Amino acid sequence: MKARSRLAWAGGCGFLMALAAATMCNPAKSQTPNQPTEQNAAQGTSAATQNNKAFAIDSEMLTYSAMDAEGATVACNVARNLGAADDKCAPRGGMSNASGVVIVAGGSNALADFQLWRSDISTMDILTARANRYCPQQSQRGLISSIESMLSGFPVSQALSVAKALFTTTSVTTPLAGDILDQTLMNDVAGHLRAAGVPVVVPDTYMPHSLVTVNEARSPFLSKFLALMNARGCVDVKAEEPADQAKPQVGTPDRQSEIAAEREKRSVALGIDAFLQTLTEPEVSAMPEQPASTLPVAQPPTISHLNAVMRADGLAQEMGFDAKSAAGDNSPWDVLWLKSLESGGDVVASDNMIKGSKNNYTGGAVGTYALFQLNGELQCSGVFYNLAGPVLLTDIPKFVDGTQTAGPGRLVGGCTPK
């Protein structure tokens, strides 16, 4: 009995001695977690850097699968709010029965261009109304159809600059402030809304009517512009000499009224000319100052005021605006603002001496949205998120062929049905 105990103790002692010897041969492994060596710290930093740059297409597929499920949830919520889908998100039918949706991303320029368009439309209406007071009744012959006659009442230099701006076509690609997932999210939600019977335009992907010839009859901006040019000829007066300005204004009341009218016409003419000059000036986006140590950032494209307004004019045509109507807040279109917040996934590798090794993948995404009427009233808003996985590597092909899908996205927030 004692011999057996001594044998067992000797075996255990041998094992402990072997373990101690292994530890002495590998002193780095004997360090406690609270006292890492410099070599381990450097290795840890290198590993962290590699992890930040890691990419797995398997996890990426799950991420976009989760995003698509989120997009379907958001589109269902919006379509039900617009009356295009029932409580189960089934389309009610009839594309023309649903309100349209303009989808924009967080860094979109579409709204800024549209605000510029709206401001110019108002300015032209005001200037035209002021100038029309001096137009004889027989000159109210409608809009001038030719560019040559439209510009006949202007100084040669200004007429050339305006004509050049009108005949110049500029193709501009405006980068978004967000990452590529913003564009992907917009396209995904747009597809689900279209499937539900909702008319959709995505100006950041394609500005409506950008690749077609400008139609003066349909363009609200050009209709207002031509009317302004027509009225401009009614306020073309002889320039007042400085000596005339110094003379006392005396005479009959009719003469005084005539002098006042001439000055008012001159004021209107100067206002119209100043407005025309702004159309050919470039709109340069303000760039933040960059630290000297950073790499130069690509400058945004520079386009003219007129080109920015004409892009918005195509969107206005698609939304039903024209020169003779004031749809305003009564337009049936809504604006859907989308922004991707976070996305990513994990790869979990596990090893077991009995079960072997296996890899599990996850992928998820988080975003936010808001639905507005054109008058600014909020209809819907919220945050959406979803997670796909964990999924074994052998099950990834099921997501490709559609036999397995990500679960429905979670929507925090909601809508007030119209």
Side-chain angles (χ1 to χ4, degrees), residues 99-128 143 162 164-177 182-183 186 190 199-229 274-286 300-338 370-376:
S99 301
V101 174
V102 179
I103 300 180
V104 296
S108 173
N109 286 334
L111 294 182
D113 290 346
F114 204 86
Q115 290 168 355
L116 187 63
W117 174 88
R118 182 186 63 174
S119 175
D120 283 357
I121 291 289
S122 299
T123 300
M124 288 189 290
D125 280 342
I126 294 172
L127 291 173
T128 302
L143 298 180
V162 174
K164 181 180 178 181
L166 289 175
F167 282 110
T168 300
T169 301
T170 305
S171 178
V172 178
T173 300
T174 303
L176 297 178
D182 283 340
Q183 188 69 53
M186 288 192 299
V200 178
V201 295
V202 189
D204 293 308
T205 303
Y206 174 74
M207 185 65 75
H209 304 286
S210 293
L211 297 179
V212 297
T213 304
V214 176
N215 187 333
E216 295 178 10
R218 290 193 57 193
S219 169
F221 184 86
L222 284 184
S223 297
K224 301 285 187 181
F225 186 81
L226 292 171
L228 179 64
M229 298 302 97
F275 171 76
L276 292 174
Q277 187 176 359
T278 65
L279 295 182
T280 57
E281 292 178 350
E283 293 289 318
V284 182
S285 300
T302 300
I303 63 175
S304 70
H305 180 132
L306 181 60
N307 277 316
V309 170
M310 291 305 297
R311 290 195 305 174
D313 194 67
L315 178 59
Q317 293 179 47
E318 188 65 22
M319 296 170 66
F321 291 91
D322 60 59
K324 297 181 181 179
S325 69
D329 297 343
N330 297 321
S331 174
W333 287 77
D334 290 336
V335 177
L336 177 60
W337 181 87
L338 292 170
L371 180 70
F372 296 91
Q373 291 183 339
L374 294 189
N375 64 358

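Values reported hereafter were calculated over all heavy atoms of this structure, with side chains retained and with hydrogens, waters and symmetry mates removed. Worth saying up front: this structure is predicted, and the values here are computed from it rather than measured. Along the sequence shown, residues carry numbers from 1.
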Partners meeting side chain to side chain donor-acceptor pair (under 3.5 Å) with T128 (sequence neighbours left out): none
Partner set under side chain to side chain donor-acceptor pair (under 3.5 Å) for W117, not counting sequence neighbours: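 Side chain to side chain donor-acceptor pair (under 3.5 Å) list for W117, sorted by chain: D313.
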Do [X] and [Y] make a side-chain contact, defined as non-hydrogen atoms from C-beta onward lying under 4.5 Å apart?
| X | Y | answer |
| --- | --- | --- |
| L371 | V335 | no |
| P220 | Q317 | yes |
| L306 | F221 | yes |
| E318 | V102 | no |
| W333 | Q373 | no |
| V104 | D204 | yes |

Side chain to side chain contact (heavy atoms under 4.5 Å, CB included) partners for S119, two or more places apart: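 Counting only residues at least two positions away or on another chain, S119 forms a side chain to side chain contact (heavy atoms under 4.5 Å, CB included) with T123.
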Side chain to side chain contact (heavy atoms under 4.5 Å, CB included) against T205, all qualifying residues, sequence neighbours excluded: Q183, N187, V202
Under 3.5 Å: donor-acceptor pair, side chain of Y206, backbone of V201: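 No: the side chain of Y206 does not pair with the backbone of V201.
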Going from [atom1] on [X] to [atom2] on [Y], what distance comes out if it is rounded to the nearest 0.5 angstrom?
| X | Y | atom1 | atom2 | value |
| --- | --- | --- | --- | --- |
| L228 | D120 | CG | CG | 10.5 Å |
| F321 | I121 | CZ | CD1 | 10.0 Å |
| L276 | M229 | CG | CE | 4.0 Å |
| L338 | S108 | CG | OG | 11.0 Å |
| M207 | R311 | CE | CZ | 5.5 Å |
| M124 | F225 | CE | CZ | 7.5 Å |

